[in-house]
Every structure is written in structure tokens, then in C-alpha cells.
Amino acid sequence: MNWLSPDSRFMQAWNNLTDGVLLNLYMLLTSLPLVTVGAALAAGNVAARKTLYGEGRGVTRAYFSAFRQNFRKATLLWLPYLAVGLLLGYMWLFVQIREALILQYGLSIVWVVGMEWTFAVQARFENTVPRTWFNSLVFGVVHIPYTLALVLIDAVYVGLFYGTVLYMPQFLFLVVVLGYGSMLMLHVPFTERVFMRYGVGASAEHLA
């Protein structure tokens, strides 16, 4: 098969990459107020899934439609993560109390697991805010190999970003442009494999 053919693996990978960059741009722009990060993450998951699996009419329409639909719930889901994340950042940077380390580690693990799954769950299942939090932790704990895969993807990007800042700042713009939108294109195949076991598009209430 000609590698420039629209059906070739090369062109499919190239299209996914360009869609990931475009998705990342939308996520950056709509996350500027900070309180809208949750809606951007939920919309990013929807748009990445539809792009990868050929649903809908393009990443732009899919993203902004999902952003509007998920705005209220995703924002309510995000605000506690924002508050706890700021608290954890303060504790790790400034609190040097040995007795607090167990709390810091435990809270950090719960925060990371929740962040990896909450907005993917919100993007895929219709549920209340408390139930979405709960089910996200269920997914994260029950499917630990997938959770570790998601964490590894994000850790590689964070490491790449940090290394670029320190050693190759001239390439920082490229790393930012690729950004978390491209990471979601890698997340979706893992989360979808899990969600299919529970009935994609169905209510997730049976997990409780």
C-alpha cells in the first residue's frame, strides 16, 4: 500500500497527530480561566475518541459541542481537584512534617488516579457528580494496569516538558504545541478498552 494513501497507517498516524495538536490548541484556549480545565478535559476526551474512531464530523465540532454539554458537571468535578491539587503542591513544597508524609502520599495517589479517570468517565457515561467521582476511583483501582499506562503516558510528557525547559528551551514551543491534546489521543484506546467491558454509552451506575 502506498504510504501516502489516505488509508495507509502513516497517513492515519499523521492525521491523528495533527488532530491531537489542534485538540491541544483548543484545550489550551478554553482552559485559560483555569476553572474551565475540567470542561476542557472532558471535551478533549470526547473529541479524541470521535477522531480516533471516525465518529462525527471533525475534531473542532466534536470538541466545542462536548465542551458546552459537559461544562456544568465537568466544572463541578474539577474544582475539588483544583483545590486539593493546590493544597498538595503547598504541602510537598513547604510542609516538612514527617507525620504528614503518609497523608501526602495517600492523598496524592488518590488525586492522580482520580484525575486520570474522572473526565474520561464524565465524557463517556451519564451520571451524577458524586457517582462519577466514585466510579472513576473504581475504574482506577480495579484496572490498575490501565491506570499505570495512563500515568506513564503523562509522566513521559511531564518529563519531556521538564527536560526541554532545562536543557533545550528552543524546543519548548514544539512540546507545548503537542501538549496534552496529543496525550489524550494515546489515553483513549486504553480507557475505551476498559469502558467497553461495562457497556459503552450505558449508565455507569451499576459500578456502585
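Side chains are part of it too, since the values below use all heavy atoms of this structure and drop only hydrogens, waters and symmetry mates.
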**Q** Does I144 belong to the same Ile/Leu/Val/Met/Phe/Trp/Tyr cluster as I109, with side-chain heavy atoms less than 4.5 Å apart forming each link?
**A** no
**Q** I would like to know whether V95 and Q104 meet side chain to side chain contact (heavy atoms under 4.5 Å, CB included); could you show each step before the answer?
**A** CA-CA 10 Å; V95 177; Q104 287 178 230; 4.2 Å; yes
**Q** Donor-acceptor check, side chain of N127 to backbone of T132, threshold 3.5 angstrom: yes or no?
**A** no
**Q** Does one hydrophobic cluster hold both V165 and L160, with members joined at side-chain heavy-atom distances below 4.5 Å?
**A** yes
**Q** T191 and W117: side-chain donor and acceptor closer than 3.5 Å?
**A**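 T191 vs W117: no donor-acceptor pair found between side chains.
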**Q** Can you list everything that forms a side-chain contact (heavy atoms from CB on, under 4.5 Å) with V84? Sequence neighbours excluded, please.
**A**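 Checked V84 against side-chain contact (heavy atoms from CB on, under 4.5 Å); matches are L88, L107, W111.
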**Q** List, by chain and number, the other hydrophobic cluster members for V141, where Ile, Leu, Val, Met, Phe, Trp and Tyr join if side-chain heavy atoms come within less than 4.5 Å, directly or indirectly.
**A** none
**Q** Ignoring hydrogens, what is the shortest heavy-atom contact between G140 and V113? Give both atom names and the distance.
**A**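 Closest approach of G140 to V113: CA-CG1, 3.7 Å.
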**Q** Check the pair Q122, T118 against side-chain hydrogen bond (donor to acceptor under 3.5 Å, both in side chains), reporting the backbone distance first and the verdict last.
**A** CA-CA 6 Å; Q122 168 60 29; T118 297; over 6 Å; no
**Q** With rounding to the nearest 0.5 Å, note down the distance linking OG1 in T164 to CG in L172.
**A** 6.5 Å
**Q** Return yes if some donor-acceptor pair links the side-chain N/O of N24 with the main-chain N/O of V176 below 3.5 Å, else return no.
**A** yes
**Q** Looking at F161, I'd like to know if its CZ atom is crowded, meaning that more than 12 non-hydrogen atoms belonging to other residues, nucleotides or ligands lie closer than 6.0 Å.
**A** no
**Q** Can you tell me how far CG of L103 sits from OG of S108, rounded to the nearest 0.5 angstrom?
**A** 8.5 Å
**Q** Taking all non-hydrogen atoms of both residues, which atom of A40 and which atom of F67 are closest, and how far apart?
**A**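 Answer, listing the atom of A40 first, then F67: N-CE1, 3.7 Å.
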**Q** Mind checking the CG-OG1 spacing from L82 to T75? Nearest 0.5 Å is all I need.
**A** 11.0 Å
**Q** Surrounding OH of Y162 (heavy atoms of other residues, nucleotides or ligands, distance under 6.0 Å), is the total greater than 12?
**A**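 Counting neighbours around OH of Y162, 12 or fewer heavy atoms of other residues, nucleotides or ligands fall under 6.0 Å, so no.
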**Q** Please confirm whether the backbone N or O of A66 pairs with a side-chain atom of N70, one donor and one acceptor, at under 3.5 Å?
**A**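 Indeed, once roles are kept as given, a pair shorter than 3.5 Å links the two residues.
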**Q** L152, L178: one ILVMFWY side-chain cluster at the under-4.5 Å cut-off?
**A**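 No, no single cluster joins them.
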**Q** Applying side chain to side chain contact (heavy atoms under 4.5 Å, CB included) to R124 and N45, what does each step give before you reach the verdict?
**A** CA-CA 8 Å; R124 208 63 172 118; N45 274 278; over 6 Å; no
**Q** I need the minimum non-hydrogen distance between L184 and G44, along with the two atoms involved.
**A** CD1-C, 3.6 Å
**Q** Would you find a donor on one side and an acceptor on the other, under 3.5 Å apart, between the side chain of S65 and the backbone of A62?
**A** no
**Q** Looking at OG1 of T60 and CG of L25, how far apart are the two atoms once the value is rounded to the nearest 0.5 Å?
**A**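 One gets 9.5 Å once the value is rounded to the nearest 0.5 Å.
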**Q** Contact between Q69 and F64 at the side-chain level, heavy atoms closer than 4.5 Å - yes or no?
**A** no
**Q** Would you please name every residue forming a salt bridge (Lys or Arg N to Asp or Glu O under 4.0 Å) with K50, sequence neighbours left out?
**A**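 Result, salt bridge (Lys or Arg N to Asp or Glu O under 4.0 Å) vs K50: none returned.
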**Q** By side chain to side chain donor-acceptor pair (under 3.5 Å), which residues pair with D154, not counting sequence neighbours?
**A**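 D154: side chain to side chain donor-acceptor pair (under 3.5 Å) contacts with Y180, H187.
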**Q** Of all the heavy-atom pairs spanning M185 and L52, show the shortest one and how long it is.
**A** O-CD1, 3.3 Å
**Q** Out of the candidates Y198, F119, W133, Y146, only one should pair with F139 under the ring pair (Phe, Tyr, Trp, His ring centres under 6.0 Å) rule; please name it.
**A**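 Among Y198, F119, W133, Y146, the one meeting ring pair (Phe, Tyr, Trp, His ring centres under 6.0 Å) with F139 is Y198.
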**Q** If hydrophobic clusters are built by linking Ile, Leu, Val, Met, Phe, Trp and Tyr wherever their side-chain heavy atoms come under 4.5 Å apart, do L28 and F171 end up in the same one?
**A**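 No: no chain of side-chain contacts under 4.5 Å links L28 to F171.
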**Q** Do the non-hydrogen side-chain atoms of F190 and I153 ever get within less than 4.5 Å of each other?
**A** yes
**Q** Give a yes or no on this: more than 12 heavy atoms of other residues, nucleotides or ligands lie within 6.0 Å of atom CG of L93.
**A**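 Counting neighbours around CG of L93, more than 12 heavy atoms of other residues, nucleotides or ligands fall under 6.0 Å, so yes.
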**Q** Would you call E126-K73 a salt bridge at under 4.0 Å N-O?
**A** yes
**Q** With sequence neighbours excluded, tell me which residues meet ring-ring contact (aromatic ring centres under 6.0 Å, His included) with F173.
**A**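 In terms of ring-ring contact (aromatic ring centres under 6.0 Å, His included), with neighbours along the sequence ignored, F173 is linked to no residue.
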**Q** Under 4.5 Å between any side-chain heavy atoms of M91 and I97, yes or no?
**A** no
**Q** In terms of hydrophobic clustering (I, L, V, M, F, W, Y; side-chain heavy atoms under 4.5 Å; direct or indirect links), are F134 and V142 co-clustered?
**A** yes
**Q** Please report, to 0.1 Å, the donor-acceptor pairs under 3.5 Å made by any side chain of residues 30-37, with sequence neighbours excluded.
**A**
unit_1	atom_1	unit_2	atom_2	d
T30	OG1	Y26	O	2.8
T30	OG1	M27	O	3.4
T30	OG1	Y63	OH	2.6
S31	OG	M27	O	2.7
T36	OG1	T30	O	2.3

**Q** Nearest 0.5 Å please: distance from the CZ atom of F195 over to the CD atom of E192.
**A**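 The distance works out to 7.0 Å.
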**Q** Minimum heavy-atom separation for L23 to A47, with atom names?
**A** CD1-CB, 3.8 Å
